[in-house]
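Each chain gets a letter, A, B and so on, in the order the sequences are listed, and its residues count up from 1.
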Number of protein chains: 2
Amino acid sequence: MSTATKAGTEPATWAEYALDSLSEAGYRRGGSRRRVVELLGNQSCAVTALEMDDQLKGVGRATVYRALEQMEELGLIQKIDVGGDSAGYEKVDPQGHHHHHIVCTGCGKVVPFEDKKLEQVIHEVSERDGFSIQSHDITLKGTCEDC
Amino acid sequence: MSTATKAGTEPATWAEYALDSLSEAGYRRGGSRRRVVELLGNQSCAVTALEMDDQLKGVGRATVYRALEQMEELGLIQKIDVGGDSAGYEKVDPQGHHHHHIVCTGCGKVVPFEDKKLEQVIHEVSERDGFSIQSHDITLKGTCEDC
DNA sequence: GTATGTGCAAAGGCTTTGCACACGT
DNA sequence: ACGTGTGCAAAGCCTTTGCACATAC
């Protein structure tokens, strides 16, 4: 019972990829979870659970949290500490692209950044300590130019 | 016995240094905060507020949190996400030495590590993005050998 | 003696869980 | 039809705040 679109079978967007992965994991294609997935797919950086709940008017808060839990379990999204009270979540690129975050302790602003050298060093560290690294979540804290 | 100490200038331990800093910042030398400071001074890695509260029997939980807030404000300690529900805290070495953490997503074990190359790359990044970096808190997540 | 420090208890905020009903398969 | 998905409300847990008393200065 494959709902695969065409012979290519390559999902065009992260949301499609995530929905397919959830389906393969045995989850049904419910409408509320789908809305959570699509919201995450439209974001380029971290969003908190409460922000998602605010934007998804017909969706219960519990459903948002449950969907996030399932997706994090499958490695589709990543939980990120954005400094506030609520945790941030963002999609994980299946092709391995990712960024990190600088949080301003003054105004709370979150700025994403990428750095190839940093990626390489992290990769070396993860091999050095006998750990099998699943993800790395680097958050720098500082003061931005406006503060 | 210490041969290097001169008349009340250089604090011999982190706890003394922290208590001096708090005093200079205008805080009085209360007994409960002192116990929190000394507990932190005896730890080499992150401890949570609730763990501290458990160990400090006569000290109120509110006092623990208030002391942590004050010390973090002064940069004496650093808040660290150790993956659980409760936040971790650890002393900041005034001489700049520090380590980072790998958290096992299987058993929750926290392993500290150091890496000079990583430090240098972080330093470069912090200068590149126009941010004034106060601290960096790098947490890798993975599976340890026992899991 | 006065202002800060502290413990207790209550409140706050984010997250999780229980349960009954709706929906996907 | 059956079992999962979902919304609502309540509970849980960490953390913060209010208040009265103790303590440092």
* Structure fact -> Those residues at least two apart in sequence (or on a different chain) that pass side chain to side chain contact (heavy atoms under 4.5 Å, CB included) with A:R34 are A:L19, A:E38
* Do B:H100 and B:E119 pass the side-chain hydrogen bond (donor to acceptor under 3.5 Å, both in side chains) test, and can you show the C-alpha distance, the side-chain angles, and the key distance before you say yes or no? -> CA-CA 10 Å; B:H100 300 293; B:E119 292 304 320; 2.8 Å; yes
* To do: Decide yes or no on salt bridge (Lys or Arg N to Asp or Glu O under 4.0 Å) for B:R29 and B:D20, but give the supporting numbers first.
  => CA-CA 9 Å; B:R29 293 179 179 271; B:D20 287 350; 3.3 Å; yes
* Structure fact -> For A:D53 and A:G60, the nearest pair of non-hydrogen atoms, with its separation, is OD1-C, 3.9 Å
* To do: Please list, by residue number, the residues of residues 69-78 of chain B whose heavy atoms come closer than 4.0 Å to an atom of DNA chain C; answer none if no residue qualifies.
  => none
* To do: Check whether any side-chain N or O of A:E90 sits under 3.5 Å from a backbone N or O of A:A46 as a donor-acceptor pair, and report yes or no.
  => yes
* To do: Verify the distance criterion only: is there a donor paired with an acceptor across the side chains of B:Q120 and B:E124 at less than 3.5 Å?
  => yes
* **First-last contacting nucleotides on DNA chain D - partner chain B, under 4.0 angstrom, heavy atom** => D:dC14 to D:dC25
* Begin from the C-alpha positions of A:C45 and A:H99 and carry the test side-chain contact (heavy atoms from CB on, under 4.5 Å) through to its verdict. => CA-CA 9 Å; A:C45 200; A:H99 58 259; 3.8 Å; yes
* Locate the shortest heavy-atom distance separating A:S32 from A:T63; write the atom from each residue and the value. => CB-CG2, 3.7 Å
* Say whether, by atom type as modelled, one donor and one acceptor occur between the side chain of A:K79 and the main chain of A:E72 under 3.5 angstrom. => no
* To do: Please list, chain by chain and in numerical order, all residues satisfying ring pair (Phe, Tyr, Trp, His ring centres under 6.0 Å) with B:H123, sequence neighbours excluded.
  => none
* Structure fact -> Atom CG of A:L68 and atom C1' of C:dT16 are separated, to the nearest Å, by 13 Å
* First encountered from the 5' end of DNA chain D, between B:R61 and B:S23 -> B:R61
* For residues B:T143 and B:C104, report the shortest heavy-atom separation together with the two atoms involved. => CA-SG, 4.0 Å
* Rounded distance (Å) that lies between atom P of C:dG5 and atom CG of B:L19 -> 13 Å
* To do: Using the closest heavy atom to pick a nucleotide of DNA chain C for each, name whichever of A:L50 or A:A62 lands nearer the 5' end.
  => A:L50
* To do: Return the value, rounded to whole Å, for the distance between atom CG of A:D85 and atom P of C:dG12.
  => 15 Å
* Is B:W14 reaching over with its side chain to a backbone N or O of B:V92, donor-acceptor style, under 3.5 angstrom? -> yes
* Asked: Is A:R33 reaching over with its side chain to a backbone N or O of A:R28, donor-acceptor style, under 3.5 angstrom?
  -> yes
* Asked: For DNA chain C, which residues in residues 24-35 of chain B have a heavy atom at a distance below 4.0 Å?
  -> B:Y27, B:R28, B:G30, B:G31, B:S32, B:R33
* Hey, what bend do you get for the helix from C:dG1-D:dC25 to C:dT25-D:dA1 if you fit axes on five pairs at each end, rounded to 10°? -> 30°
